[in-house]
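This report refers to the structure that appears directly beneath it.
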Amino acid sequence: MTTPPKPGEFYQRDRRWHPPALSQDYKTSVTRSPRLPLISLENTASEITGPVFGHKDIDPADNDLLRNFAKPGESPIGERIIVHGRVLDENARPVPNTLVEIWQANASGRYRHKKDTYLGALDPNFGGCGRTLTDAEGNYCFRTVKPGAYPWRNWVNDWRPAHIHVSVFGTGFAQRLITQLYFEGDPLIARCPIVNTIPDPAAVEMLIARMDMNATIPLDTIAYRFNIVLRGRRSTLFENRLEGN
Amino acid sequence: MGQKLEYLKETPSQTAGPYVHIGLAPGAAGFEIYEQELGWDMAGPNAKGEPIRVEGVVLDSTGAPVKDVLLEAWQANAEGVYAHPEHIGEVEDGFRGWGRVITDFETGEWGFDTVKPGPVTGRNGQMMAPHINLWIVARGINVGLNTRLYFEDEAEANAADPVINLIEWESRRQTLIARRCERGGQPVYRFDIRLQGDGETVFFDI
Ligand SMILES: [Fe+2]
């Protein structure tokens with residue numbers, strides 16, 4: 001009997017798939033993008049390990065944005081939606097027990113943030129953040145309202161498509177990822193300078209949640225499905241040069 | 001064409017935007033929602049080793065502080081052990097070694113309290129000097145930036161560190177060394193991060 005191969009380093013991150021640091025059309029990136037090349041590092045324990053979270057860290061109700069800030073008996077205004085999916089790695093294996101955090105504007109495109117001064121009204125029953133741990137199969141779900149589009153200062157007339165910000169950990173610090181979820185059919189997606197920092201249209205497709213009628217709750221809540229893929233790890237088929245610990 | 005490989009592509013990154021606090025540090029955005037926010041207590045109550053504070057500012061290419069940055073830190077304990085099931089060794093009860101901090105909205109200053117990590121065994125058994133791994137996100141940063149903070153008072157270990165020595169330009173290695181001073185008897189390490197231009201910090205593709 002052979003012993004199963006141990007997981008080794010993470011696959012190299014495909015930097016041509018991710019947005020480059022500098023994108024002229026997203027003006028804020030111009031002064032905040034490193035000009036010198038990144039130094040490529042073969043993974044050590046510092047990159048392969050990462051923080052571990054458990055059910056003591058969060059409350060089970062933290063994933064329900066319809067309830068987690070609303071006054072008792074009240075609920076936020078807006079289209080009620082479920083956002084659900086799986087966290088997988090590049091080997092198509094589930095990533096269990098990993099922390100997923102989201103934040104978003106309310107239905108009028110306004111953030112509950114002391115720096116947001118948009119005209120859209122705050123909703124007294126909507127905070128705008130949630131968090132959860134994936135289950136053993138990598139599944140997660142949130143309940144929320146569909147966020148509104150909002151204008152932002154870039155070119156004079158730029159609008160963000162409706163989006164939810166998503167943060168995911170995985171098992172190693174090298175997998176740490178923040179991204180944004182968009183909604184199928186939104187005409188603002190193609191016009192957005194932030195979306196368009198991503199060079200490959202196939203990569204943008206990965207950020208567009210699909211309406212999922214099978215997960216929709218009749219007479220109650222429309223569902224959207226959004227899978228997240230984190231970096232995968234190579235199998236150390238022949239050698240394991242990552243010695244010591 | 002041959003057989004098809006069944007790998008998936010990684011989900012592409014997008015900027016954390018200016019309102020990252022709502023999701024990851026809602027208290028700073030101006031509202032209370034969670035029983036406990038994560039990442040404010042890096043080392044826990046039982047951590048051995050030297051208590052330290054780390055402080056700095058993130059500067060853009062014009063030299064202006066970036067005021068909407070969020071940093072995450074990941075470090076081993078004083079024995080060089082990460083709180084992770086794949087890393088052999090024990091950590092103190094309550095030691096996570098992970099922290100999350102935001103900058104002051106007026107000044108751009110950030111800081112966290114922890115213990116100084118020990119040296120960690122690296123590839124091929126080579127020792128890495130004590131270091132804290134940092135991940136930086138903000139509006140205008142399309143993919144989170146990874147860097148490492150090393151300690152000024154570990155000159156000998158730093159000189160032998162295999163990661164520092166990967167950096168071909170010796171002058172650039174200095175951008176990873178935090179400067180030590182004391183305040184009220186406690187060691188404080190200063191680590192300013194320059195995103196672009198003169199003295200640009202070394203960032204890693206990890
Ligand atoms: Fe946003």
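So that the names make sense, note that chain A is the first sequence line, chain B the second, and so on, each numbered from 1.
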Which atoms of [X] approach chain A - backbone, side chain, both or neither, heavy atom under 4.5 Å:
X: B:Leu134; value: backbone
X: B:Gln126; value: neither
X: B:Ala16; value: both
X: B:Ala28; value: backbone
X: B:Phe31; value: side chain
X: B:Tyr7; value: both
X: B:Leu145; value: side chain
X: B:Val202; value: side chain
X: B:Pro18; value: backbone
X: B:Arg96; value: side chain

Choice from [options] maximising heavy atom contacts with chain A below 4.5 Å:
options: B:Arg172, B:Met127, B:Arg194; answer: B:Arg172
options: B:Val81, B:Val20, B:Val163, B:Thr147; answer: B:Val20
options: B:Ala29, B:Gly23, B:Ala138; answer: B:Ala29
options: B:Glu72, B:Gln75, B:Met128, B:Glu32; answer: B:Glu72

Answer yes or no: is there a donor N or O on one side and an acceptor on the other, between the side chain of [X] and the main chain of [Y], under 3.5 Å?
X: A:Arg32; Y: B:Arg139; answer: yes
X: B:Gln36; Y: A:Lys56; answer: yes
X: B:Trp74; Y: A:Pro51; answer: no
X: A:Arg112; Y: B:Ile22; answer: no
X: A:Thr179; Y: B:Pro12; answer: yes
X: B:Glu35; Y: A:Asp59; answer: no
X: B:Gln196; Y: A:Ser33; answer: yes
X: B:Glu200; Y: A:Arg35; answer: yes
X: A:Thr31; Y: B:Ser61; answer: no

Distance (rounded to the nearest 0.5 Å) between [X] [atom1] and [Y] [atom2]:
X: A:Ser46; Y: B:Arg148; atom1: OG; atom2: CZ; answer: 4.5 Å
X: B:Leu38; Y: A:Phe169; atom1: CG; atom2: CZ; answer: 7.5 Å
X: B:Thr11; Y: A:Ile178; atom1: OG1; atom2: CD1; answer: 13.5 Å
X: A:Leu36; Y: B:Phe203; atom1: CG; atom2: CZ; answer: 10.0 Å
X: B:Asp205; Y: A:Gln12; atom1: CG; atom2: CD; answer: 6.5 Å

For [X], which atoms come within 4.5 Å of any heavy atom of chain B: side chain, backbone, both, or neither?
X: A:Ile102; result: backbone
X: A:Arg131; result: both
X: A:Tyr11; result: side chain
X: A:Leu230; result: backbone
X: A:Val166; result: neither

Is there a side-chain contact between [X] and [Y] in this structure, where contact means two heavy atoms from C-beta onward sitting under 4.5 Å apart?
X: B:His87; Y: A:Ile48; answer: no
X: B:Val137; Y: A:Arg176; answer: no
X: A:Phe53; Y: B:Trp98; answer: yes
X: B:Glu10; Y: A:Asp89; answer: no
X: B:Thr15; Y: A:Gln180; answer: yes
X: B:Leu24; Y: A:Ser167; answer: yes

Of the listed residues ([options]), which shares the most heavy-atom pairs with chain B below a 4.5 Å separation?
options: A:Asp57, A:Val30, A:Ile228; result: A:Asp57
options: A:Lys114, A:His165, A:His163; result: A:Lys114
options: A:Gln175, A:Lys115, A:Arg160; result: A:Lys115
options: A:Gln104, A:Arg231, A:Glu90, A:Arg13; result: A:Glu90
options: A:Asp116, A:Leu99, A:Asp14; result: A:Asp116
options: A:Asn91, A:Val204, A:Ile198; result: A:Ile198

Without hydrogens or angle criteria, can the side chains of B:Gln14 and A:Tyr182 be said to hold a donor-acceptor pair below 3.5 Å?
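Per modelled atom types, B:Gln14 and A:Tyr182 side chains form a pair under 3.5 Å.
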Pair A:Ser29, B:Asn142: side-chain N/O donor-acceptor within cut-off below 3.5 Å
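No, no side-chain donor-acceptor pair sits under 3.5 Å.
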Write down the atom of [X], the atom of [Y], and the distance for their closest heavy-atom approach.
X: B:Leu8; Y: A:Ala92; value: CD1-CA, 3.7 Å
X: B:Phe204; Y: A:Leu38; value: C-CB, 4.2 Å
X: B:Pro85; Y: A:Val52; value: CD-CG2, 3.8 Å
X: A:Cys129; Y: B:Ile33; value: SG-CG2, 3.7 Å
X: B:Lys9; Y: A:Met206; value: O-CE, 3.1 Å

Crowding at [atom1], [X] (>12 non-hydrogen neighbours, <6.0 Å):
X: B:Arg53; atom1: CZ; result: yes
X: B:Glu109; atom1: CD; result: yes
X: B:Asn46; atom1: CG; result: yes

Indicate the ring-plane relationship of B:Tyr19 and A:His113, choosing parallel, tilted or perpendicular according to the 30° and 60° boundaries.
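Taking A:His113 first and then B:Tyr19, their aromatic rings sit tilted (interplane angle of 30° to 60°).
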Give the intermediate values and the outcome of side-chain contact (heavy atoms from CB on, under 4.5 Å) for residues B:Val120 and A:Thr44.
CA-CA 9 Å; B:Val120 175; A:Thr44 70; over 6 Å; no
Using the rule given for salt bridge (Lys or Arg N to Asp or Glu O under 4.0 Å), can you reason through B:Glu86 versus A:Arg233, listing the C-alpha separation, both sets of side-chain angles and the distance that settles it, and then say yes or no?
CA-CA 14 Å; B:Glu86 283 185 57; A:Arg233 290 170 74 172; 2.7 Å; yes
